[in-house]
There are 2 protein chains.
Amino acid sequence: MSTQSVVTAIRVLEAVSDNQPAGLSELSREVDVPKATVLRMLRTLGELGWVSQSEAQAGKWVLTNHAFAVASRGSSGSVIRDAAMGPLNALQLDTTETVHLAVPDRGYMLIIERLDTPHVLRAFLPLGSRLPMHASSTGIAYLSAADEPFVDEYLAGPLEALTPQTVVDPAQLRAMIVDTRTRGYSINEQGLSTGITSIGVPLLGVGGVAAGSISISGPSSRIVPAKYQEYGEAAAGTALEISRALGAFSAKAY
Amino acid sequence: MSTQSVVTAIRVLEAVSDNQPAGLSELSREVDVPKATVLRMLRTLGELGWVSQSEAQAGKWVLTNHAFAVASRGSSGSVIRDAAMGPLNALQLDTTETVHLAVPDRGYMLIIERLDTPHVLRAFLPLGSRLPMHASSTGIAYLSAADEPFVDEYLAGPLEALTPQTVVDPAQLRAMIVDTRTRGYSINEQGLSTGITSIGVPLLGVGGVAAGSISISGPSSRIVPAKYQEYGEAAAGTALEISRALGAFSAKAY
DNA sequence: AACCGACGGTTCATCCAGTGAACCAATGTA
DNA sequence: TACATTGGTTCACTGGATGAACCGTCGGTT
């Protein structure tokens, strides 16, 4: 790989992100690069305003808000967001529950938008949360629209259980994906966090490829089985609208 | 500055972020670095999963979601978020209007969280939005708690008007900052976008330094002058609670 | 008190990775 | 047709990146 110093710098950056207030030796071990080099990277990234020394603990390094600001103008993210916000807003008002907009990132679903419920009891997924695909309705929905090789590869990997209800059996997950395809929406009952049920639908981008997903989430006491169909169909309608806006069904532009 | 290839890479990354589907020559000009070098950076960043070729337009480069995922675990962001979400939630329920959580980034306020109003008529700031400080209630609130040199520098810079109501006169802005200090909250009437009024309060971090701000926003037809005081005081109370949790008033830990 | 290990941070000779001018083919446009 | 711009490639040169060995400090053990 070329430009190895850049590679090192980015790896350091990701290591900082993963270990938040991260120490020098710690990072050096993590990235497997001499301390001197890591420190030089941190200094450079610091000058650029991407990391800084934690004011709470000297010698510990943290990410800055600037890093977030630069990266939040993500490509597909903003395209999808633009297309999704209107319909998503309507969906939230219709259902009165929290709706999420998620895009894929390396086996995770990344929450990039949220419109929340007026209910006192509300679910909180901070913006930027990464949810394992197999443990979230957005993830299963995304997988239901993704191409086979991707699904095979994902299901072959290690699947961690986040709650006692998390489904980690590949065969069972495959069945859930098939159900999602036929039904039009995925259902996740407390597989991500206890007491939360969620219903997801995939979004399609240009050429009909999976681009992300949306979901309706709330306490399992409110999102009861009797409501699955109503919410599922509402979400599916919204997703269709967004996918259409993304150009999923128009002739591919050459 | 050391490790110049890293500097170049990050500058390329930021240039991509700013110009979204960005072409090679375009970036080369922007960063003032030969095309060959820019291309090498793009390839390296591509291998790392931070940028990719736009599938819509070949040869154009865009940021990936992965970049967003890494950077969204921002330091101060998450610390503040953890401290703020509880009180903010209560504030939203009390006022029934949209509340925002914002942190500073190079002259802008970065919206990192939002709790939505149940009202059909609602304002949308996408999460990750960057608002000029002088044109937002969060910005003026932040400036009212920031140190003098920072304020001087900011007001000396170019101040763009986003709407006909945006205040861009430094003297007038300074008066607004003073008012904010004495009153306890800032008011922005349609300075950010027409038809939207917003009330902001600064958050203080360790040592009492400005760390961010919160705001209550809504259509100017609902957030009328008669409500300013009620909302302002509610927000100020919430901000105080958050600042306390951030350790603004405890003895500095040595 | 003396010892130890781990911490953040520094130094500097070696050498290889990054640089950028010049190049290509393709497309657009006047 | 000619000209300008695009994305992308090549390669000799050299100066910037590397990493082993170093320093001072801190906190816990014995």
Side-chain angles (χ1 to χ4, degrees), chain A residues 1-64 75-76 206 252-254, chain B residues 1-64 75-76 206 252-254:
Chain A
M1 200 184 297
S2 57
T3 54
Q4 52 146 301
S5 74
V6 173
V7 173
T8 307
I10 296 289
R11 291 184 58 218
V12 167
L13 192 67
E14 303 209 2
V16 170
S17 170
D18 285 337
N19 303 52
Q20 245 351 323
L24 179 59
S25 304
E26 187 182 355
L27 291 170
S28 168
R29 255 177 279 115
E30 196 82 27
V31 180
D32 196 28
V33 156
K35 284 191 296 177
T37 303
V38 171
L39 186 58
R40 210 151 14 84
M41 295 308 173
L42 287 170
R43 291 234 171 90
T44 303
L45 290 169
E47 287 174 48
L48 292 163
W50 281 62
V51 302
S52 65
Q53 301 250 31
S54 162
E55 52 218 47
Q57 306 167 66
K60 298 288 187 176
W61 296 82
V62 294
L63 254 60
T64 63
S75 58
S76 57
V206 178
K252 203 168 179 180
Y254 283 102
Chain B
M1 198 182 297
S2 58
T3 55
Q4 51 146 302
S5 73
V6 173
V7 173
T8 307
I10 297 289
R11 291 183 58 219
V12 167
L13 193 67
E14 304 209 2
V16 171
S17 170
D18 284 338
N19 304 50
Q20 238 5 318
L24 180 59
S25 303
E26 187 183 354
L27 291 169
S28 169
R29 253 177 280 118
E30 196 83 25
V31 181
D32 196 28
V33 155
K35 284 190 298 176
T37 303
V38 171
L39 187 58
R40 210 154 10 86
M41 294 310 173
L42 288 170
R43 291 235 173 90
T44 303
L45 290 169
E47 287 174 49
L48 292 163
W50 280 62
V51 302
S52 64
Q53 301 251 32
S54 163
E55 53 217 48
Q57 305 166 66
K60 298 289 186 176
W61 297 82
V62 294
L63 253 61
T64 63
S75 58
S76 56
V206 178
K252 205 168 177 178
Y254 284 102

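Lettering follows sequence order; numbering is per chain, from 1.
Under 3.5 Å, the side chains of A/E26 and A/W61 contain no donor-acceptor pair of N or O atoms.
Here B/Q4 does not reach the OP1 or OP2 of D/dT14: none of its side-chain N or O atoms lies under 4.0 Å away.
Residues of residues 25-36 of chain B having a heavy atom closer than 4.0 Å to DNA chain C, listed by number: B/P34, B/A36.
Note: NZ (A/K60) to P (C/dA6) measures 15 Å, nearest angstrom. Distance CG (A/L42) to P (C/dC7): 15 Å, rounded to an integer number of Å. Atom CZ of B/R43 and atom P of C/dG18 are 15 Å apart (whole Å). The interatomic distance linking B/M41 (CE) with C/dT19 (C1') rounds to 9 Å, in whole Å. Rounded to whole angstrom, the span from the CG atom of B/L24 across to the C1' atom of D/dT5 amounts to 12 Å. For the pair B/R11 CZ and C/dT19 P, the computed distance is 12 Å after rounding to whole Å.
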Evaluate the criterion side-chain contact (heavy atoms from CB on, under 4.5 Å) for residue pair A/Q4 and B/S5; output intermediate values, then yes/no. CA-CA 9 Å; A/Q4 52 146 301; B/S5 73; over 6 Å; no
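Between D/dG8, C/dG9, D/dA17, one nucleotide has an atom nearer to the side chain of B/W61 than all others, and that is D/dG8. Closest contact between the side chain of A/R40 and the listed nucleotides D/dT18, D/dG8, D/dG16 involves D/dT18.
Taking CG from B/L48 and OG1 from A/T3, the interatomic distance works out to 7.5 Å, rounded to the nearest 0.5 Å. Separating the CG atom in B/L13 from the CG atom in B/L63 is a distance of 5.5 Å, to the nearest 0.5 Å.
Of the candidates A/D32, A/T37, A/V38, A/T37 is the only one forming a side chain to side chain contact (heavy atoms under 4.5 Å, CB included) with A/T8.
Not a single donor-acceptor pair under 3.5 Å links the side chain of B/T64 to the backbone N or O of B/S52.
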